[in-house]
Colleague: 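First the structure, then my questions, so here it is.
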Number of protein chains: 2
Amino acid sequence: MKIMKVAEDSLKRSRDEFVAQWGALGTQWGINRTMAQIHALLMTSPEPMCTDDVMAELEASRGNAHTNLKELVNWGLIRMIVVKGERRDFYEAEKDVWKMFTIITRERKRREIEPALEILNRCAEETKGIKGVEAEAFHNQVKQLGEFVGFASKMSDKISSMKHGLALQLATKILG
Amino acid sequence: MKIMKVAEDSLKRSRDEFVAQWGALGTQWGINRTMAQIHALLMTSPEPMCTDDVMAELEASRGNAHTNLKELVNWGLIRMIVVKGERRDFYEAEKDVWKMFTIITRERKRREIEPALEILNRCAEETKGIKGVEAEAFHNQVKQLGEFVGFASKMSDKISSMKHGLALQLATKILG
DNA sequence: CATAATTTTCATTATTTACTGAAACTTCGA
DNA sequence: TCGAAGTTTCAGTAAATAATGAAAATTATG
């Protein structure tokens, strides 16, 4: 049984490491540490977890755990499920990597690309008719930016609405 | 001349709006407001600007302006240039949208994707040999994630090293 | 070389963002 | 319908991040 213990320890260490580091990374990509940690935790949990499990595992407060679980549900990266004989809410993560990718892509588009597009288009519109080199240069620059971002946005839609297999096929062609 | 004034005003308003909003957006994508504002300013400036110009335009301190100008140079989104007869450093932005895209893509990859990949690969490696359903599930999950992220990383390289024309051609095919 | 102009650094302060913990609220079962 | 179990909210606090401004360092010029 000793060997088993060692294996269990080393699994636990690795998983803890993963959760911790994923949390640290989260801050780099504009989501808070706890949210990223919970995501890491649920992605690698064999069973659904409840709020108290998360609190215990991360040593976080109830409010914090709750808020970030809800936020992850909002994103669509985890879902609430009902465990029979249990009154509490349980959560499980979407584990399919392609689905995760499409969810994250859509959300980033919504949060980062669409607002930018709106500004660019408005500024291009506002300065459309103005005469003079300065005005024309400005108009042209925001127009270019707007067109590019709009284009990128369409691409992102197209790709993230593809089936995994099809995307893979396309990607292979590009890499090849 | 009155009409000219109106046109100038409306250009200025639009540009100020652009700078302000771009700054606000910046915080969404993990760069600070001032950096995004300076970028917006220089992207739409007909002439190179010096630190004092930036300070004046944004009402920011010297330290702040300086730090963020340097950071933008680091990214490669702006460059220092020498204006003849001027002792001060001047800066101008890269205005080509495709070049901007490749710069930003590379930087995000470096900051967001590569560290994630490292963690995923290490965790997969650490748990490779461990027996047991839990260990195997964990190993499998991080391996899948690692493979996907590695793949995405390669794609990002490939695309951002393309010439604009070629990328456009590819994109058109995908959108079509 | 002296000094004026400019850049750079960094300790301090301000602002923003995240977290806590307890109270208010909701739901379910006896 | 009451109370226990659980969820949600939020005012207060802590932590992280960004900005200031002045001093130190560097660089150009007479």
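Quantities reported herein were computed from a predicted structural model and do not represent experimental measurements. Labels below follow one simple rule: chain letters A, B, ... track the order of the sequence lines, proteins then strands, and each chain is numbered from 1.
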Colleague: Crowded around B:Arg33 CZ? As in, over 12 foreign heavy atoms under 6.0 Å?
Modeller: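 Atom CZ in B:Arg33 is not packed in, count stays at 12 or less.
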Colleague: Between A:Asn32 and C:dC19, is there a contact of a side-chain N or O with OP1 or OP2 at under 4.0 Å?
Modeller: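 For C:dC19, OP1 or OP2 has a side-chain N or O of A:Asn32 closer than 4.0 Å.
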Colleague: Kindly state which residues belonging to residues 63-90 of chain B come within less than 4.0 angstrom of DNA chain C, counting heavy atoms of the residue only, listed by number.
Modeller: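 Heavy-atom cutoff 4.0 Å gives B:Gly63, B:His66, B:Lys70, B:Arg87, B:Arg88, B:Asp89.
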Colleague: Would you mind telling me which residue lines up with the more 5' stretch of DNA chain D, B:Ile31 or B:Arg62, judged by nearest nucleotide?
Modeller: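 Mapping each residue to its closest nucleotide by heavy atoms, the 5'-most match is B:Ile31.
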Colleague: Evaluate the ring planes of A:His164 and A:Trp98, with Trp represented by its six-membered ring, and classify them as parallel (under 30°), tilted (30 to 60°) or perpendicular (over 60°).
Modeller: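 The arrangement is parallel - the two ring planes meet at less than 30°.
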Colleague: Please report, rounded to the nearest Å, how far the C1' atom of D:dT17 is from the CZ atom of B:Arg33.
Modeller: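 To the nearest whole Å, that distance equals 11 Å.
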Colleague: Would the number of heavy atoms belonging to other residues, nucleotides or ligands and lying under 6.0 Å from NZ of A:Lys95 be above 12?
Modeller: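 Correct, the count exceeds 12.
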Colleague: For C:dC19, does OP1 or OP2 lie under 4.0 Å from any side-chain N or O of A:Thr34?
Modeller: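 For C:dC19, OP1/OP2 do have a side-chain N/O of A:Thr34 under 4.0 Å.
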Colleague: Taking OP1 and OP2 of D:dA16, is either one under 4.0 Å from a side-chain nitrogen or oxygen of A:Thr27?
Modeller: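 No.
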Colleague: Can you tell me if CD on B:Glu134 sees more than 12 non-hydrogen neighbours from other groups inside 6.0 Å?
Modeller: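 Count not over threshold, so no.
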Colleague: Between atom CE in A:Met49 and atom P in D:dT7, what is the gap in whole Å?
Modeller: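 Between P of D:dT7 and CE of A:Met49: 14 Å.
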Colleague: Return the value, rounded to whole Å, for the distance between atom CG of B:Leu58 and atom P of D:dA19.
Modeller: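 My rounded result for the distance is 10 Å.
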Colleague: Would the number of heavy atoms belonging to other residues, nucleotides or ligands and lying under 6.0 Å from CD of A:Glu114 be above 12?
Modeller: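 Atom CD in A:Glu114 is packed in, count exceeds 12.
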Colleague: For B:Glu118, is the CD atom crowded, meaning more than 12 foreign heavy atoms sit under 6.0 Å from it?
Modeller: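 No, because the 6.0 Å sphere around CD of B:Glu118 holds 12 heavy atoms or fewer from other groups.
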Colleague: Rounded to the nearest Å, what distance is computed from the CG atom of residue B:Asp53 to the C1' atom of nucleotide C:dT6?
Modeller: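 Rounded to the whole Å, the gap is 14 Å.
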Colleague: Take the protein atom CE of B:Met35 and the nucleotide atom C1' of D:dA19, then report the distance between them rounded to whole Å.
Modeller: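 These atoms are roughly 16 Å apart.
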